[in-house]
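Have a look at the structure below, then the notes.
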Amino acid sequence: MKTPQLLILLLTIMVHAGSGFPSDRKPAQGREKHASWDDVNVVAHGLLQLGQGLKEHVDKTKAQMRDVNTKLKAFNNTVAELQRRQQEQGAALEARGEEAEERAEAAAQLAEEVRARVDEVRKESDDIHSRMGKLEEKVQEVLAEPALDTNDSDHSGVLLIQRLVAAQNRRIDQLVDKIRQQQDKLEKQSLHLQALQSKVAQRRVKSHRRRDDETALKGEPEQSAATPGLARDCHDLFVQGQRASGVYVIQPEASKPVNVLCEMTAEGGWTVIQKRQDGSQNFNQQWESYKKGFGSLHGEFWLGLDNIHSVTKQGGYVLQVELSDRAGAQQAARYRVQVDGEEEKFALHLEQEQEQEPPSGPRGGALSTGASGVPFSTADSDNDLAADVSCAQLLSGGWWFSSCGESNLNGRYPRRPSQLRRRQVRRQAMFWDRNYSLRTTVLKVAPAAVKQ
């Protein structure tokens, strides 16, 4: 029974009661001073209907409260799932950098606000339960009172109950609205966390790509940098008993430890200073990058002029150049080598060895041995022997350019053979003795006593 119907019924009862109860005015035309038994029965019947209506309303309110409790349970499960996701993502975000940490902290603060609001909703729900219990007790008291007790205090009690019921209805509506708002905020929070996770994943991919372009070489060493008595080069590791090719830590004389790729053969160990195989690394770098080194020791890389100088200055080293082209032909050349320090622009000193031919392909002579002491050049540090042009800008990459035309193993890697038909691309591609179809290159050094 709706509240307006209760009010109409109450007004009807009050009209009947007023007509039957005594009045301070004198009776007109012999009206009786006391209400008849029929009027009393009508009032009693009306009160019983009022009590029954209140009871139905209370039962309906209980059903609404059960529905609210169900929604609260679902809401609590959602909050628990959100907390679980937050914990999982929190563990994944620990090492993502300061910006990711700030975003995670913001997400945690939002989750804390949601939990605080959930606690507030729970308190309000408990308050509603308490008030509903008091309302039920009041209704039971009204139903238990004698039907003949119809004074003004009872009517005021009924009105009070009605006001309480109306207030509880408004409170329930407000609670339902708050639950909807909390659910909307939880959905937004979930979307925010998903967006945060996506941004972290994108940053992780970008950081991996950035690492390949940074000047510091990366690799998983098989020998710890903290190991005392580090080897001077990869052949020193070979002498110590290492036979597996891979990434190791060495420490040349008067230099810092450095990660290097070692190629172990039956005769000794070679320290790889350059490797290209698929074009995954950009070799068009500036002077500082070529000085410190760049790329990945597990893929394509340049060891760094500082490191090459530290190894070769130990005396008596050879440089082995190993090439293969897209047709499968292999080519090799070997030189006595020494690389000066930065004061001399990392000048290259070569003396070609006269040894037996490689298994297939001609011996290369594309590194000039006649002009000893050719300095290293990059686009931002022109040290080549050409007077009117910068070979590094013309040909791309960094190299020991003598006259821009003999070799450049650090030029651009053509991803498709068709690119070589274009003159500009062909000129800037890596080449050796006018061979522009190179597919792989390896430069490595070892003590002169080591045989390939």
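- Side-chain atoms of S310 never come within 3.5 Å of backbone atoms of I308 as a donor-acceptor pair (strictly under, hydrogens ignored).
- Of the N and O atoms on the side chains of D340 and H349, at least one donor lies less than 3.5 Å from an acceptor on the other residue.
- The shortest distance between side-chain heavy atoms of D433 and S407 does not fall below 4.5 Å.
- Taking the six-membered ring wherever Trp is involved, the centroid distance between the rings of W270 and Y317 does not fall below 6.0 Å.
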side-chain contact (heavy atoms from CB on, under 4.5 Å) between C404 and V389, worked out: CA-CA 9 Å; C404 302; V389 67; 4.0 Å; yes

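- The two atoms that bring V249 and P257 nearest to each other are CG1-CB, 3.9 Å, heavy atoms only.
- Remark: Q281 CD to N410 CG distance equals 10.5 Å, nearest 0.5 Å.
- Partner of F346 under the ring pair (Phe, Tyr, Trp, His ring centres under 6.0 Å) criterion, chosen from W400, W287, F376: W287.
- Formation of a donor-acceptor pair under 3.5 Å by the Q393 side chain with backbone atoms of S390 is not found in this model.
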Criterion side-chain contact (heavy atoms from CB on, under 4.5 Å) on V450 and V318, from CA distance to verdict: CA-CA 9 Å; V450 179; V318 294; over 6 Å; no

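- Between N408 and F401, the closest side-chain pair of non-hydrogen atoms falls below 4.5 Å.
- With contacts defined as side-chain heavy-atom distances shorter than 4.5 Å, the pair L385/S402 qualifies.
- Annotation: F294 is in aromatic contact with F283 [ring centroid separation under 6.0 Å].
- Proximity of a side-chain donor or acceptor of Q285 to a complementary backbone N or O of N282 within less than 3.5 Å is detected.
- Between Y290 and W302, the distance separating the two ring centers is shorter than 6.0 angstrom.
- The minimum heavy-atom distance linking M264 with S245 is given by the pair N-OG, 2.9 Å.
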Verdict with reasoning, L297 to N259, per side-chain contact (heavy atoms from CB on, under 4.5 Å): CA-CA 8 Å; L297 293 174; N259 291 352; 3.7 Å; yes

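- Within the model, atoms CD of E263 and CG of L261 stand 7.5 Å from one another, a figure rounded to the nearest 0.5 Å.
- Here Q174 contributes atom CD and I179 contributes atom CD1; the two are 12.5 Å apart, rounded to the nearest 0.5 Å.
- At least one donor-acceptor pair under 3.5 Å links the side chain of Q251 to the backbone N or O of S255.
- P414 and A429 make their closest contact through CD-CB, 4.4 Å (heavy atoms, listed as atom of the first residue, atom of the second, distance).
- At distances below 3.5 Å, not a single donor-acceptor pair connects side-chain atoms of S396 with backbone N or O atoms of N284.
- Residue E351 holds its CD atom at 13.0 Å from CG of L319, rounded to the nearest 0.5 Å.
- In this structure, the side chain of E300 engages the main chain of Q277 through a donor-acceptor pair within 3.5 Å.
- With hydrogens and angles ignored, the 3.5 Å screen pairs no side-chain donor or acceptor of S381 with any backbone N or O of S377.
- Evaluated for a side chain to side chain contact (heavy atoms under 4.5 Å, CB included) with K60, the options E56, K62, Q64 yield exactly one hit, Q64.
- Side-chain atoms of L323 and V321, non-hydrogen and from C-beta on, do get closer than 4.5 Å to each other.
- The CE atom of M65 sits 6.0 Å away from the CD1 atom of I172 when rounded to the nearest 0.5 Å.
- In this structure the side chain of I273 reaches within 4.5 angstrom of the side chain of V445, judged on heavy atoms.
- In terms of heavy-atom proximity, C234 sits nearest to V260 at SG-CG2, 3.8 Å.
- If you check the side chains of N435 and S437, you find a donor sitting under 3.5 Å from an acceptor.
- Remark: the backbone N or O of Q330 is not paired with any side-chain donor or acceptor of S324 at under 3.5 angstrom.
- Between D233 and P252, the closest side-chain pair of non-hydrogen atoms is not below 4.5 Å.
- Taking both residues in full, the closest heavy atoms of Y413 and D278 are given as CE2-C, 3.7 Å, listed atom of the first, atom of the second, then distance.
- Under 3.5 Å, the side chains of T441 and Q274 contain a donor-acceptor pair of N or O atoms.
- Separation of atoms SG (C391) and CD (E406) is listed at 10.0 Å; rounding is to 0.5 Å.
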side-chain contact (heavy atoms from CB on, under 4.5 Å) assessment of K345 paired with N383: CA-CA 8 Å; K345 307 298 182 183; N383 305 310; 3.9 Å; yes

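- Under the 4.5 Å side-chain criterion, counting only non-hydrogen atoms from C-beta, V272 is in contact with V442.
- Salt bridge status for E322 with K444: present, with a side-chain N to carboxylate O gap under 4.0 Å.
- When side chains are defined from C-beta on, M430 does not count as touching R412, because their heavy atoms never get closer than 4.5 Å.
- Remark: side-chain polar atoms of Q320 are not paired, donor with acceptor, to backbone N or O of L443 under 3.5 angstrom.
- Checking side-chain atoms of R243 against main-chain N and O of F238 turns up a donor-acceptor pair under 3.5 Å.
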